[in-house]
Protein chains: 2
Amino acid sequence: MKQSTVISFESIRVACRHCTLSALCLPMGLAAEDVERLDEIVKRTRPLHRGDMLFRDGDHFRSLYVVKTGSFKTFAPSGEGGEQVLSFHLPGELLGLDAIDQGEHACSASALETSAVCEIPFARLEELTALIPSLQHHMYRLLSKEIGHDTDLLVLLGKKNAEERLAAFLLDFSKRLHKRGLSATDFHLSMSRHEIGNYLGLAVETISRLFTRFQEDGLVRVERKHIELLNLQGLENLIASSHLGRRQPPQRQQQT
Amino acid sequence: MKQSTVISFESIRVACRHCTLSALCLPMGLAAEDVERLDEIVKRTRPLHRGDMLFRDGDHFRSLYVVKTGSFKTFAPSGEGGEQVLSFHLPGELLGLDAIDQGEHACSASALETSAVCEIPFARLEELTALIPSLQHHMYRLLSKEIGHDTDLLVLLGKKNAEERLAAFLLDFSKRLHKRGLSATDFHLSMSRHEIGNYLGLAVETISRLFTRFQEDGLVRVERKHIELLNLQGLENLIASSHLGRRQPPQRQQQT
DNA sequence: GCCAATAGTTGACCTAGATCAAAAACAACA
DNA sequence: TGTTGTTTTTGATCTAGGTCAACTATTGGC
């Protein structure tokens with residue numbers, strides 16, 4: 001209610017064509033006039049604060065959302081009040097794609113910090129994509145990319161150990177921030193240890209211990225939520241090079 | 001090469017409008033004339049045998065595939081020659097959606113048994129979806145559904161124990177077969193224990209032991225790859241009701 | 001600025017499921 | 001029909017990471 005959030009409140013009024021995120025967002029690669037058309041259907045909404053829900057699982061699906069500032073997590077219920085964090089969303093990233101199929105949201109989304117989104121009514125977007133081939137293609141790609149992200153996470157949860165998971169998480173975060181023009185080696189984690197652990201399928205305590213260990217090994221400097229990556233290569237190595245101990249027999253390329 | 005596969009070779013020539021799978025596949029809900037148009041772009045290909053690759057990760061992306069008969073698995077590399085099975089595909093299900101984004105396949109697909117697919121050149125399909133709104137909508141739904149499937153698997157890998165995973169797997173399989181008009185309680189698994197274990201993030205031995213245990217508990221009857229589900233409700237209970245031991249404090253509905 | 005609640009760290013211990021090993025059951029095939 | 005290679009099963013052991021517990025920051029509310 002209070003007008004103290006001047007900065008973000010101003011910034012969210014910016015039209016797509018002037019938005020610094022356009023290169024990461026839907027307008028990517030659209031002709032100027034098409035951006036105008038997209039612009040017309042986008043609604044700007046007021047900021048959300050930490051913990052505020054953007055949508056809940058089961059909610060009727062009406063719109064997709066693009067993060068404009070701040071960050072979000074999405075999570076699915078997992079029986080007995082538990083939940084599985086599915087992803088963290090940074091500016092320019094889309095939320096709600098999983099709801100298209102069933103017509104209702106399959107997961108919930110909440111803000112990790114003070115954040116703003118653009119709302120895109122899906123029915124309108126669909127009309128538009130039928131008219132603008134490049135936008136249609138872009139939508140297909142976005143949906144496909146989401147599948148790719150899930151695939152990565154599946155490999156992580158199915159096949160990687162704790163160390164590899166956290167290293168992969170940090171590097172992924174680093175890359176995504178870098179794409180947004182932020183430092184790839186010095187950043188702030190907007191989510192709690194608990195949320196990281198949940199996302200990676202690990203206990204909070206394990207996350208905490210790993211951060212300590214990574215720090216002892218000179219890979220990172222951790223100070224609460226402030227992270228400095230000191231040795232990117234070292235982290236990369238952690239991901240790729242484990243399992244090297246027990247070599248498998250040469251195993252010709254064949255069916256399983 | 002040999003013509004002994006008469007049955008499936010005949011069946012795969014059937015046009016979409018006569019295909020028994022149309023209700024599960026792309027034509028779902030299309031007007032007759034639109035099905036014709038779709039039909040024109042679909043290529044029918046020869047059958048693949050167990051272990052044959054439909055595509056490999058890294059292959060240039062050109063087409064989507066619909067399983068016509070038989071079954072497939074998709075799997076992604078996971079460092080050091082290991083792989084993570086991402087999904088099993090039954091007749092009517094689409095393969096290759098994850099490749100749209102990058103323009104090359106992000107995972108590999110191989111036949112689990114003698115199988116046939118319809119090939120749908122994606123560029124042609126895109127043109128068509130721009131012309132037929134209901135087809136475009138259907139494509140969005142299919143992509144979104146794939147995300148939903150991944151979400152389910154993520155929850156499984158991130159939060160469920162071995163017992164719950166296998167029970168969920170069996171029930172999912174049962175439901176999908178039932179949709180295809182096959183028995184929900186008596187079926188044949190086309191994949192090996194090893195592949196099931198890989199998919200569920202468990203060791204082969206664990207799968208084997210669980211099958212034995214489920215059988216002892218009267219939940220299933222297992223005879224190699226032939227499965228009979230004797231107590232569907234019992235399996236359902238396994239999924240939902242565990243973690244009931246250590247009750248969590250009432251915990252008001254709140255942010256994490 | 002103080003208190004209560006929440007988040008993070010650290011250590012001790014425990015357990016689900018992995019790994020190792022070996023036998024048994026199949027399947028392919030000459 | 002025997003041989004060989006694969007898949008499955010079963011048992012014995014090991015361990016990564018979970019769980020419990022106690023303590024220490026931080027943070028937010030007033």
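Labels below follow one simple rule: chain letters A, B, ... track the order of the sequence lines, proteins then strands, and each chain is numbered from 1.
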Taking only N and O in the side chain of [X], is any of them less than 4.0 Å away from OP1 or OP2 of [N]?
X: A:S192; N: C:dT6; result: no
X: B:T206; N: C:dA16; result: no
X: A:R224; N: C:dT9; result: no
X: B:S208; N: D:dT8; result: no

Quick one: [X] [atom1] to [N] [atom2], roughly how many Å, whole number?
X: A:I196; N: C:dA7; atom1: CD1; atom2: P; result: 13 Å
X: B:F211; N: D:dT8; atom1: CZ; atom2: C1'; result: 11 Å
X: A:H226; N: D:dT26; atom1: NE2; atom2: C1'; result: 17 Å
X: A:E113; N: C:dA7; atom1: CD; atom2: P; result: 16 Å
X: A:K159; N: C:dG17; atom1: NZ; atom2: P; result: 15 Å
X: A:M191; N: C:dT6; atom1: CE; atom2: C1'; result: 18 Å
X: A:H194; N: C:dG8; atom1: NE2; atom2: P; result: 10 Å
X: B:F214; N: D:dT9; atom1: CZ; atom2: C1'; result: 16 Å

So does [X] have more than 12 non-hydrogen atoms from other groups sitting under 6.0 Å from [atom1]?
X: A:H188; atom1: NE2; answer: yes
X: A:K225; atom1: NZ; answer: yes
X: B:H178; atom1: NE2; answer: no

[X] side-chain N/O to [Y] backbone N/O, donor-acceptor pair under 3.5 Å:
X: A:S110; Y: A:D52; value: no
X: B:Q84; Y: B:N198; value: yes
X: B:D59; Y: B:R56; value: yes

Nearest-neighbour nucleotide for the A:E205 side chain, D:dA21, C:dT19, D:dT8 considered: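 Nearest to the side chain of A:E205 among the choices is D:dA21.
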
Five-pair end axes of the helix from C:dG1-D:dC30 to C:dA30-D:dT1, angle between them (10°):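 What I find for the helix from C:dG1-D:dC30 to C:dA30-D:dT1 is an axis angle of 60°.
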
Indicate, with a heavy-atom threshold strictly under 4.0 Å, whether [X] touches base, sugar-phosphate, or nothing.
X: B:G201; result: sugar-phosphate
X: B:R209; result: base
X: B:L202; result: sugar-phosphate

Proximity of A:F88 and A:Y199 rings by center, below 6.0 Å: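 Ring centroids of A:F88 and A:Y199 are less than 6.0 Å from each other.
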
